[in-house]
Amino acid sequence: MTDTDNRTMRRVLHREIAGTIGLLTDEHDFRAMRRYRTFTFADHETYLKQVESLLRTRALQGSHTTVALFDPEEYAEFCTQKGLDPDNPSSRTRFTAQIAATGPTLPYDGRPLADLVPALVDEAVRRATWEYATALLARLGACTSCGEDLGRAAFTRAAGLLVRILDTAPPGNRHLVCSVTGPPETLIAALHIADDGAALELDETEALEFTTVLALGLATESPGGLVIRASAPDTPDRVYGWRMRAYGLEPLTAGEVFDAYCTDVESGDLISPESNVDYCAPPDLGEEKPAQGHQH
């Protein structure tokens, strides 16, 4: 076999190797990595340009690249736990391999890095929200009366409510937002559903995260709410929602929905309503109001 044949095979194999790059998305994280001698980039803007150039080159070569969120604090903890020198490129490589398997990632799809970075940060927030809500549900433990797992029961209840909300929604694409207020912060989850007239399409991970946050609100009796916006061609968008109660969801009136959407959250000033939008009361979910609290 000739040297040319060997080089050709290596190029073919190179294209079939999937890669991951750990991205420092903001200036603060970039400065934190500057303390390492082997991290040779001088400024964040140049660093991002070089990363984007590398991603484009790999894409043109037919290579698949995943972009992961690189957190300097987590990196330092990783090196301490593994007994690694943080000022060593191989340590950064090992950390990147771990976050590729366990952390928030996005495949590079050719979009500009300026668009990819916010999407990656949103993915990280979604992951953190879901993990936090899941941990809080797990801490609820079992009912002292019947032994039922309270977190699992709340999740089942939330999943049933979500099914009824989707079943009673008007035709069209749906965008749902669920918020649960409580210490130390408000948790927000969104769910996007496409309706092509024949079937509904949704992201299963998004649905899991949304149901988990809704379950947490139901289980902890925290203040919160759920709103849905349904959009279909040639008809006004319909917006309606519910406030969260321990027993489930309580419908908001059309006036309450209008006030929520047409009031500035920070100043309290009125905002002009959107055109071609119908702020309305929600449809009947078709269930009787259950008793307060955990059901035996």
Side-chain angles (χ1 to χ4, degrees), residues 6-7 9-139 184-185 187 205 208-209 212:
N6 286 328
R7 287 195 296 270
M9 285 193 297
R10 283 195 293 268
R11 283 197 296 270
V12 171
L13 288 173
H14 179 75
R15 289 197 298 267
E16 296 188 11
I17 298 175
T20 302
I21 184 166
L23 185 64
L24 297 162
T25 58
D26 61 48
E27 185 74 35
H28 178 269
D29 287 347
F30 180 83
R31 287 199 302 269
M33 293 300 295
R34 287 275 294 145
R35 67 176 179 264
Y36 300 123
R37 178 186 55 81
T38 57
F39 186 80
T40 57
F41 290 97
D43 67 271
H44 193 225
E45 184 178 353
T46 300
Y47 161 80
L48 291 176
K49 288 180 179 178
Q50 291 297 322
V51 169
E52 186 160 25
S53 176
L54 173 63
L55 290 171
R56 287 176 175 170
T57 299
R58 284 181 55 83
L60 289 172
Q61 293 172 345
S63 298
H64 174 82
T65 310
T66 298
V67 182
L69 200 64
F70 195 105
D71 186 310
E73 292 185 7
E74 292 182 2
Y75 171 63
E77 292 174 3
F78 172 82
C79 290
T80 299
Q81 292 171 358
K82 301 293 184 181
L84 301 174
D85 176 10
D87 198 0
N88 189 313
S90 66
S91 300
R92 293 196 288 275
T93 301
R94 289 183 58 177
F95 177 69
T96 300
Q98 173 172 293
I99 59 178
T102 61
T105 62
L106 285 178
Y108 177 67
D109 54 10
R111 80 181 96 171
L113 208 56
D115 297 332
L116 186 65
V117 167
L120 183 60
V121 172
D122 286 346
E123 180 67 20
V125 171
R126 277 181 49 193
R127 175 73 70 90
T129 297
W130 173 70
E131 291 177 348
Y132 181 65
T134 300
L136 291 182
L137 282 175
R139 290 178 194 169
E185 59 186 336
L187 299 182
T205 301
L208 174 63
E209 294 164 350
T212 302

Which distance, rounded to the nearest 0.5 Å, do you find between the CG of L48 and the OG1 of T25? 8.5 Å
Side-chain donor-acceptor pairs under 3.5 Å in residues 73-86, sequence neighbours left out?
from : atom 1 : to  : atom 2 : distance (Å)
Y75  : OH     : P86 : O      : 2.5
T80  : OG1    : A76 : O      : 3.0
D85  : OD1    : D87 : N      : 3.0

Does any non-hydrogen side-chain atom of T205 lie less than 4.5 Å from one of R126? yes
Is any side-chain heavy atom of T129 closer than 4.5 Å to a side-chain heavy atom of E209? no
To the nearest 0.5 Å, how far apart are CG in L55 and OG1 in T66? 10.0 Å
Test: ring pair (Phe, Tyr, Trp, His ring centres under 6.0 Å). Region: residues 112-131. Which pairs qualify, not counting sequence neighbours? none
Going through the checks in order, is the side chain to side chain contact (heavy atoms under 4.5 Å, CB included) test met by V51 and I21? CA-CA 9 Å; V51 169; I21 184 166; 3.9 Å; yes
Starting at CG of L69, measure out to CG of D71 and round the result to the nearest 0.5 Å. 7.0 Å
Residue pair F41, R34: steps toward the side chain to side chain contact (heavy atoms under 4.5 Å, CB included) verdict: CA-CA 8 Å; F41 290 97; R34 287 275 294 145; 5.6 Å; no
Give the intermediate values and the outcome of side chain to side chain contact (heavy atoms under 4.5 Å, CB included) for residues L23 and F70. CA-CA 5 Å; L23 185 64; F70 195 105; 5.7 Å; no
Drop me the distance from L54's CG to S63's OG, to the nearest 0.5 angstrom. 9.5 Å
Would you list the atom pairs, donor with acceptor, under 3.5 Å between side chains in residues 95-121 and any protein atom, with sequence neighbours excluded?
from : atom 1 : to   : atom 2 : distance (Å)
T96  : OG1    : R92  : O      : 2.8
T102 : OG1    : Q98  : O      : 3.0
D109 : OD1    : R111 : N      : 3.2
D109 : OD1    : R111 : NE     : 3.0
D109 : OD2    : R111 : NE     : 3.2
D109 : OD2    : R111 : NH2    : 3.0

What pairs meet the salt bridge (Lys or Arg N to Asp or Glu O under 4.0 Å) rule with one or both residues in residues 35-54, with sequence neighbours excluded? E45-K49, E52-R56
Restricting to side chain to side chain contact (heavy atoms under 4.5 Å, CB included), what partner residues turn up for E131, sequence neighbours left out? R127
Looking at H64 and A59, would you say the former's side chain and the latter's main chain have a donor-acceptor pair under 3.5 Å? no
Note: R58 and T65 closest approach over all heavy atoms is NE-OG1, 2.6 Å
Residues in side chain to side chain contact (heavy atoms under 4.5 Å, CB included) contact with T57, at least two apart in sequence or another chain: S53, Q61
With under 30° as parallel and over 60° as perpendicular, where do the rings of F30 and F39 fit, or are they tilted in between? perpendicular
